[in-house]
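Counting begins at 1 with the first residue of the sequence. Computed from a predicted model, the values in this text were never measured in an experiment.
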Amino acid sequence: MKTSLEGEKVILVPYMKEHVPNYHIWMQDPAILQATASEPLTLDQEYDMQISWFQDPLKQTFIVLDKELVVGDFVHGQSHTEAMVGDVNIFMNDLDDPQTAEVEIMIAEQKSRGKGLAKESILLMMAFAVENFGIHIFRAKIGQSNEASLNLFKKLGFEETSRSEIFKEITLELPVTESKREELHQSIDNVVTHS
C-alpha cells in the first residue's frame, strides 16, 4: 500500500479501485469534464485508468478526503469513500526535464469547495513531490475560464508562462527555489505520513 498524507483539513490517499465508482460519477458531470479538459469514460475504462495510474511511476494520484466527512477513525489502507471529495495529481511527463511535474487538483464535491481543501492538497502534493521525486519545477495547465483554479495557483506563487488559444488554456509555473522548498517543508510540519 502506498503512502497516505494526513493534513489539517484533508487526507490524501492512494487512488484505489474502491474509489472508481464515485470518481466515475464525478466524471459524468459536464462542468467537471470542461474544467478538467477530460472526456467521459465508461466505468470499465475508469477501472483500467485507475490501474494504469496506480502502476505508472511517472504519475502520482491521491484521492482527497475531507477530514470532516471521515466516519470513525482514519485507517490507512481503507478507502474511506464516504469522505471522497476530489483528487490531486502530478505527472512527470516532461521528457526534457524529468524533475518537472504537472500538478492538477479537482474538488468535485460542491459541499467541500471554498474550504481550503484544494490549497492544502496542492501544498501536500508539492511537498511530497519535492521530497520523493526531487521536483524542481511545477507546472499547471488550466482552462482560461476556470477562474477559481487560476486564482488559487497564482496565490500559491505560480506565474503565467504561456497561453494556448487553440486549447483555451493557460500554463503557469512555479520554480522550487530554496525559499520555496523551505516554505513547502514548513507547510507539512504537522502532516502525518501513513505507509
Side-chain angles (χ1 to χ4, degrees), residues 2-43 45-54 56 58-70 79-93 101-129 135 138-156 158 164 167-174:
K2 293 186 176 183
T3 301
S4 296
L5 304 172
E6 183 174 353
E8 181 183 330
K9 299 176 183 180
V10 301
I11 304 170
L12 304 184
V13 298
Y15 184 24
M16 298 180 254
K17 68 178 190 278
E18 294 85 357
H19 297 128
V20 173
N22 287 1
Y23 192 88
H24 180 68
I25 291 168
W26 293 339
M27 297 310 289
Q28 302 306 302
D29 181 328
I32 290 176
L33 290 172
Q34 180 182 8
T36 60
S38 299
E39 296 292 326
L41 301 176
T42 66
L43 185 57
Q45 290 171 321
E46 211 70 77
Y47 276 109
D48 290 343
M49 188 71 71
Q50 181 272 329
I51 291 168
S52 164
W53 287 2
F54 191 80
D56 190 335
L58 300 180
K59 292 184 174 83
Q60 181 69 51
T61 299
F62 288 108
I63 293 295
V64 177
L65 304 181
D66 184 335
K67 284 180 77 169
E68 292 180 353
L69 302 177
V70 173
S79 60
H80 293 281
T81 56
E82 77 281 356
M84 278 178 72
V85 297
D87 72 338
V88 62
N89 312 285
I90 59 167
F91 305 98
M92 295 160 283
N93 53 10
E102 186 174 335
V103 61
E104 298 178 341
I105 181 71
M106 172 181 72
I107 301 298
E109 294 291 339
Q110 290 280 352
K111 67 182 177 273
S112 293
R113 292 183 185 162
K115 295 168 48 176
L117 305 184
K119 178 181 178 181
E120 184 177 35
S121 297
I122 292 169
L123 289 171
L124 289 175
M125 175 59 95
M126 290 193 321
F128 179 82
I135 300 303
F138 287 100
R139 182 176 293 139
K141 295 180 180 180
I142 303 170
Q144 292 175 352
S145 63
N146 192 340
E147 288 296 322
S149 282
L150 288 168
N151 289 335
L152 172 60
F153 279 90
K154 287 178 181 176
K155 283 180 189 172
L156 292 172
F158 282 72
S164 170
F167 295 111
K168 298 191 180 325
E169 71 181 11
I170 298 171
T171 299
L172 302 112
E173 289 188 355
L174 177 69

State whether the side chain of [X] and the backbone N or O of [Y] hold a donor-acceptor pair below 3.5 Å, judged by distance alone.
X: K59; Y: N93; result: no
X: K154; Y: L172; result: no
X: T36; Y: I32; result: yes
X: E120; Y: V10; result: yes
X: Q50; Y: Y15; result: yes

How many angstroms lie between [atom1] in [X] and [atom2] in [Y], if you round to the nearest 0.5 Å?
X: H24; Y: Q28; atom1: NE2; atom2: CD; result: 4.0 Å
X: N89; Y: I105; atom1: CG; atom2: CD1; result: 8.0 Å
X: I90; Y: L58; atom1: CD1; atom2: CG; result: 9.5 Å
X: M106; Y: Y23; atom1: CE; atom2: OH; result: 4.5 Å
X: L117; Y: I11; atom1: CG; atom2: CD1; result: 11.5 Å
X: H80; Y: S4; atom1: NE2; atom2: OG; result: 8.5 Å

Determine the minimum heavy-atom distance between [X] and [Y], stating which atoms define it.
X: L69; Y: K111; value: CD1-CE, 3.6 Å
X: L124; Y: L12; value: CB-CD1, 3.7 Å
X: H19; Y: V13; value: CE1-CG2, 3.8 Å
X: I122; Y: L156; value: CG2-CD1, 3.7 Å
X: I63; Y: M84; value: CG2-CG, 3.6 Å
X: S79; Y: M16; value: CA-CE, 3.5 Å

Is it true that, when you exclude [X] itself, more than 12 heavy atoms of the residues, nucleotides or ligands shown sit nearer than 6.0 Å to its [atom1]?
X: K119; atom1: NZ; result: no
X: Q34; atom1: CD; result: no
X: E68; atom1: CD; result: no
X: E147; atom1: CD; result: yes

Report task. Return the orientation label for the F138 and F158 ring planes: parallel under 30°, perpendicular over 60°, tilted otherwise. Result ->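 Because their plane-to-plane angle lies in the 30° to 60° range, the rings of F138 and F158 count as tilted.
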Requested in this report: If the plane angle is over 60° it's perpendicular, under 30° parallel, otherwise tilted; pick one for F62 and F128.
Outcome: perpendicular
**Report entry** Side-chain heavy atoms of K115 within contact of K9, under 4.5 Å
**Finding:** no
Report task. Compare all side-chain heavy atoms of M27 with those of L41 and state whether any distance is below 4.5 angstrom. Result -> no
Report task. For side chain to side chain contact (heavy atoms under 4.5 Å, CB included), just list the numbers for S164 and T171, CA-CA rounded to whole Å, side-chain angles, deciding distance to a tenth of an Å, and then say yes or no. Result -> CA-CA 8 Å; S164 170; T171 299; over 6 Å; no
Report task. Show your working on side chain to side chain contact (heavy atoms under 4.5 Å, CB included) between F167 and K141 and close with a plain yes or no. Result -> CA-CA 10 Å; F167 295 111; K141 295 180 180 180; over 6 Å; no
Requested in this report: Determine, stepwise, if the pair F54 / K2 fulfils side chain to side chain contact (heavy atoms under 4.5 Å, CB included).
Outcome: CA-CA 9 Å; F54 191 80; K2 293 186 176 183; 4.0 Å; yes
Requested in this report: Determine, for E102 against R139, whether the closest basic-nitrogen to carboxylate-oxygen distance falls under 4.0 angstrom.
Outcome: no
Report task. Tell me yes or no: between the side chains of D66 and S112, is some donor less than 3.5 Å from an acceptor? Result ->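 Judged by distance alone, the side chains do pair up.
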Requested in this report: Report the C-alpha distance between L174 and F153 in whole Å, list the side-chain angles of each, state the deciding distance to 0.1 Å, and finish with yes or no for side chain to side chain contact (heavy atoms under 4.5 Å, CB included).
Outcome: CA-CA 9 Å; L174 177 69; F153 279 90; over 6 Å; no
